[in-house]
Protein chains: 2
Amino acid sequence: MASTTPDPETLEYIASQFRALGEPLRLQLLHALQDGEKSVGELVEVTGSSQPNVSRHLAVLRQRGLVTRRAAGTLAYFAIAAPYVFDLCDAVCGTRAQGHSTAGDAAPQTPP
Amino acid sequence: MASTTPDPETLEYIASQFRALGEPLRLQLLHALQDGEKSVGELVEVTGSSQPNVSRHLAVLRQRGLVTRRAAGTLAYFAIAAPYVFDLCDAVCGTRAQGHSTAGDAAPQTPP
DNA sequence: ATGCCATATCAGCACACAAGAATACGAGGT
DNA sequence: ACCTCGTATTCTTGTGTGCTGATATGGCAT
């Protein structure tokens with residue numbers, strides 16, 4: 001019963017999913033898409049980042065299956081494909097309210 | 001109602017939490033701790049990684065409030081401090097079974 | 001006090017990745 | 001056909017981060 005270690009493949013998959021969410025700009029993009037699909041241009045405006053940068057991060061999110069792409073003429077509309085992402089964020093935010101320090105050390109070694 | 005963008009501070013906090021989980025070794029450590037606290041030595045054996053490396057990653061997890069540390073003599077026992085982490089992993093794993101490709105592109109542009 | 005063991009930290013290298021600038025692709029309109 | 005606008009891709013640079021090996025700290029036993 002010594003903790004059946006999951007395959008490295010699965011481990012790497014999960015890690016890569018989390019890493020996709022470990023970037024403020026990508027979280028901002030997902031958040032912006034929460035109230036419906038948006039074009040790249042709209043997302044550029046919302047995030048305040050450059051167009052190439054937004055496009056690139058959208059590609060990452062799409063590769064991870066987190067957003068979908070719909071081409072309409074010259075425009076490209078992106079939309080949330082994995083609503084469960086917001087549950088993850090809420091879970092993290094919930095713990096934050098419980099008094100965790102954002103940065104710095106959690107607690108010094110066991111004091112004497 | 002145009003999507004109240006969360007403060008950059010909160011965004012960065014959430015991202016950093018996800019980034020802490022975006023490493024296979026750290027996920028492995030958390031998984032190994034699922035059936036009770038373990039010493040660093042035990043974790044070194046379970047993960048097959050080096051002792052300094054395990055110690056370092058444990059420090060990261062502790063800094064993020066994901067694990068706790070209990071010193072007993074020369075030993076240091078670590079334990080899960082944020083059980084919700086496994087819910088996150090399960091959520092990600094659940095979507096994986098739904099037919100997402102691990103790597104590569106999710107879908108080509110919208111076909112004509 | 002000294003030697004040993006478990007853990008933590010430090011220095012260095014290598015790699016991944018994000019941001020910016022410039023450019024290529026592709027669809028529509030005139 | 002050409003031009004224009006929106007989007008995607010490439011190249012380069014800089015920063016962050018994981019891994020290795022050596023070293024420091026601290027408790028326990030002799």
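In what follows, chains are A, B, ... by sequence order, proteins preceding strands, each numbered from 1. What you see is a predicted model; the values in this text were computed from it and never measured.
Protein atom CG of A:Leu11 is 15 Å distant from nucleotide atom C1' of D:dG18, rounded to whole Å. Computed from coordinates, the B:Leu58 CG to C:dT7 P distance equals 10 Å when rounded to whole Å. Distance CG (B:Leu75) to C1' (C:dT7): 9 Å, rounded to an integer number of Å. Distance, B:Arg62 CZ to C:dT7 C1': 12 Å, rounded to whole Å. The CD-C1' distance, from B:Glu42 to C:dT7, rounds to 14 Å in whole Å. Between the C1' atom of D:dT17 and the CD atom of B:Gln63 lies a distance of 13 Å, rounded to the nearest Å. Rounded to an integer number of Å, the gap from A:Tyr77 OH to D:dT7 C1' is 13 Å.
Not a single donor-acceptor pair under 3.5 Å links the side chain of B:Arg69 to the backbone N or O of B:Ala76. Not a single donor-acceptor pair under 3.5 Å links the side chain of B:Glu12 to the backbone N or O of B:Glu9. Judged by distance alone, with hydrogens and angles left aside, the side-chain atoms of B:Thr47 form a donor-acceptor pair with the main-chain N or O of B:Leu43 at under 3.5 Å.
Residues forming a salt bridge (charged side-chain N to carboxylate O under 4.0 Å, His left out) with A:Glu37 (at least two apart in sequence, or on another chain): A:Arg70.
Each of B:Leu30, B:Thr68, B:Val40 was compared with B:Phe78 under the side chain to side chain contact (heavy atoms under 4.5 Å, CB included) criterion, and only B:Val40 meets it.
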**OP:** Assign a letter to each nucleotide of nucleotides 16-30 of chain C from its 5' end: B, base within under 4.0 Å of a protein heavy atom; S, sugar-phosphate only; -, no contact.
**Re:** -SBB--B----BS--
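We find that B:Lys38 and B:Glu45 are not joined by a salt bridge, their nearest charged nitrogen and carboxylate oxygen being 4.0 Å or further apart.
Across all strands, B:Phe78 comes closer than 4.0 Å only to sugar-phosphate atoms, never to a base (heavy-atom distances).
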